[in-house]
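Reckoned from all heavy atoms, side chains included, excluding hydrogens, waters and symmetry mates. Chain identifiers are assigned alphabetically (A, B, ...) following the order of the sequence lines, protein sequences preceding nucleic acid strands; residue numbering begins at 1 within each chain.
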Amino acid sequence: MAEKSVYEHLKSEGVSRREFLKACGVLVGAMGMNKLPPVADSNLPPHLARGAKVIYQVAEALENKPRVPVIWLEFQDCAGCSEALTRSQSPTLVDLVLKQISIEYHETLTAAAGHQTEANKQAIMEQYRGQYLLVVEGSIPLGADGAYCTVGGRSAEDILREAADGAAAIIATGNCAAFGGLPMANPNPTDAKGVMDILTDKTVVNIPGCPAIPEATTGTIAHFLVFGTLPELDDLNRPKTFYGVTVHDRCLRRPFYEAGKFAKSFDDEGAKKGWCLYKLGCKGPTTYNACASIKWDGGTSFPIQSGHPCLGCSEPGFWDGGGFYQGQSAPLQRPAIGAVGAATAVGVVVGAGMAAANKAQKKG
Amino acid sequence: MDWNAFLAFTRGPLFYASLLIFIAGMVYRLVQVAMLGWDKDQSVARGSKAGGVVKSFLKGILILPFIPWIKGAFQKRPIMYIAGGLFHLGLFTVIFLGTPHMLVWKSLLGFGWPTLALPFVDWLAVAAIIGMLVLIVYRRTDAVLRLLSGPAEYLNWLFVFLPMISGYIMTHHLFFRYEVAYSLHMLSVDWMLIWIPFSRISHFMFYFFSRTIRGVEWGKRAVTP
Ligand code: HEM
Ligand code: SF4
């Protein structure tokens, strides 16, 4: 890997200075960094000074910093996060970051295979010890001594711990890597875990989603590239910029929610008119993610916009959170007739017993 | 703290347990009352017992809420009458005609029904909450009521007030994150379910019994031994 700066690299790819600055602007927006405090020594009004300054700060960083090597590990995953990222339709941001990072190891994307790739990974981890970025996709099975998922004869846990050891930062992309995702769903046959439950002594940035929103992944990587630090995280280690508000907070159907206008089936009048999907099981109110603002496919749409309720895929345990099409307020379990019968029987027995005891007492 | 996980607990296992305790508790109360026995009817009825029951319920459903002055229920304690009425009206609207609550019934009973627009339900929720506040102030200021009130009365008030106020807070996204407010709402609902059978709030069930029995007695128009 050549130690070219990001800007030099982009220049050689035919990106003009103007395009470069524009892309920096996009990055700034994506990272939510226009909220930095205004700069004192500027003559511009504060709101201008703020934005402009950050763009140049970003540009400067990208002009001078070397590209960052990335090790991308896949465990119990479907490669959906990688797919989403590489097929993302928002060219500037994702392109910029993808060009800036050099992905050194990625099972789905690498052309090479077998021991050659593994040897290359080892070499990179040696050479860039303490500098590379580790991205993990998929959950880690601990059951059967890790036999459920092995690469090159080694268990996922083993590979993860080794790679984490020399990483400058660790990002878990997708719900599986962040919180265990689908593999961890009840009854969790492989005893799957998310990365942060294994690397308990390290900070793992979670970019959950199924898949993760590409811009959230790249925005977080961009933050690391530019500042060398991780963005501010919430209590589930998700970057606040992307996971700060709920889908419901930014939802385009929200006015219908407030007005009590709900679609009751997927093809009724309400559905056609774009009413709220709460009754069809929408989990937007408890789901923290940027789907409603960043959207998908370069801002084209997102599930709720296209008529499907939010599944809550950026929250822990969403597979076990009740039916996807069952209202958010519906209880998670419905008592079986047997349980109700048993409760009734207990009531009858205790009630009758007490009454009999009272009567006996009165007589006695 | 992972509030979504806590929410799953309060909506899941805890709610499940509370509901079963509620059912067992109500049945227990019912059986106890039923076992008190029904005195043998030794007098000849001079009127229709069934008619009495119908009248009794009509009085409860029509006269008391809509034309209370006939019985003087309004004149005696107007504040209590209005505040109590608003509370019950708001409560029923919220738990039967609010969309999220109808979905609870639907999942438990297997069928649903149309609901009212959120703003409408919301206003009635406010009415119920104000009604409750007025009632508690009244209870503290009225000398007689104050003497009659023990800890149980205040706890009853509190355990109904908590679900009301937390539901309102949740709907309006006040103070807490949504899942935090939701967890608190569920926690208070779960606790209320456990509390009801062993408190006077269980009147909602015995109300129907007492109305029926009184109706029978009125309708009979005979000397009750
Ligand atoms: C299993 C039982 C219950 C569940 C799952 C539940 C759930 C909910 C939900 C999801 C909301 C709406 C939040 C929103 O619109 O974003 C709500 C609102 C509310 N709930 Fe409940 N609730 C339950 C029982 C109760 C009970 C028993 C009471 C009253 C004693 C109550 C009082 C309220 C009130 C007052 C509101 C606010 C309504 C408004 O301002 O429009 N809830 N509840
Ligand atoms: S569709 Fe979902 S996220 Fe949108 S307003 Fe309705 S409940 Fe909220």
Side-chain angles (χ1 to χ4, degrees), chain A residues 179 234-236 244-246 248-249 256-262 264 276 278-281 283-288 312 314-318 320-323 326-336 339-359, chain B residues 1-5 7-37 98-110 112 114-122 170-171 173 177-179 182-183 185-186 197:
Chain A
F179 308 129
D234 72 3
D235 49 2
L236 288 171
V245 296
T246 61
H248 182 69
D249 285 334
F256 294 116
Y257 171 88
E258 305 289 345
K261 291 192 184 304
F262 302 98
K264 295 186 189 80
C276 172
Y278 191 84
K279 280 192 180 177
L280 292 174
K283 307 292 184 291
T286 50
T287 304
Y288 288 80
S314 57
E315 295 299 329
F318 81 102
D320 297 325
Q326 196 183 39
Q328 161 93 284
S329 57
L332 293 185
Q333 295 119 328
R334 182 177 161 183
V340 174
T344 310
V346 169
V348 170
V349 170
V350 177
M354 294 284 276
N358 284 346
K359 254 185 201 159
Chain B
M1 175 157 168
D2 181 0
W3 283 95
N4 264 319
L7 174 61
F9 174 69
T10 53
R11 275 177 67 201
L14 190 63
F15 176 76
Y16 190 92
S18 313
L19 194 64
L20 292 184
I21 294 176
F22 172 80
I23 294 173
M26 288 309 283
V27 171
Y28 157 78
R29 289 291 305 273
L30 195 64
V31 169
Q32 253 202 335
V33 171
M35 300 260 297
L36 283 178
T99 305
H101 300 130
M102 183 278 284
L103 290 175
V104 176
W105 292 112
K106 188 176 170 184
S107 94
L108 294 178
L109 305 174
T115 52
L116 292 173
L118 186 63
F120 196 76
V121 176
D122 198 33
M170 174 188 175
T171 303
H173 299 67
R177 286 161 55 140
Y178 191 86
E179 64 277 21
Y182 198 171
S183 302
H185 188 52
M186 285 313 297

Measure [X] against the heavy atoms of chain A and call it side chain, backbone, both or neither at under 4.5 Å.
| X | result |
| --- | --- |
| His185(B) | neither |
| Leu109(B) | backbone |
| Tyr182(B) | side chain |
| Leu19(B) | side chain |

Side chain, backbone, both or neither: which part of [X] has a heavy atom under 4.5 Å from chain B?
| X | value |
| --- | --- |
| Pro331(A) | both |
| Asp249(A) | side chain |
| Glu258(A) | both |

Exercise for the section: Flag the one option from Thr171(B), Ile23(B), Leu116(B), Thr10(B) with the top tally of heavy-atom pairs under 4.5 Å to chain A. Expected result: Ile23(B)
Practice task
Just jot down the side-chain contact (heavy atoms from CB on, under 4.5 Å) partners of Glu179(B), sequence neighbours excluded, or say none.
Solution key: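 Only Thr286(A), Tyr288(A), Trp3(B), Asn4(B), Leu7(B), Arg177(B) meet the side-chain contact (heavy atoms from CB on, under 4.5 Å) criterion with Glu179(B).
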Using atom types as modelled, flag every donor-acceptor pair under 3.5 Å from a side chain in residues 100-107 of chain B to any protein atom, sequence neighbours excluded.
residue	atom	partner	partner atom	Å
His101(B)	ND1	Val94(B)	O	2.8
Trp105(B)	NE1	Ile95(B)	O	2.8
Ser107(B)	OG	Val104(B)	O	3.3

Problem - Any donor-acceptor pair under 3.5 Å from Arg11(B) side chain to Ala330(A) backbone - result: yes
Problem - Shortest non-hydrogen contact from Phe262(A) toward Thr99(B) - result: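 Distance-wise, the nearest heavy atoms are CE1-OG1, 3.3 Å.
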Exercise for the section: Fit a plane to each ring of Tyr178(B) and His248(A), take the angle between them on a 0 to 90° scale, and name the class: parallel (under 30°), tilted (30 to 60°) or perpendicular (over 60°). Expected result: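 Taking His248(A) first and then Tyr178(B), their aromatic rings sit tilted (interplane angle of 30° to 60°).
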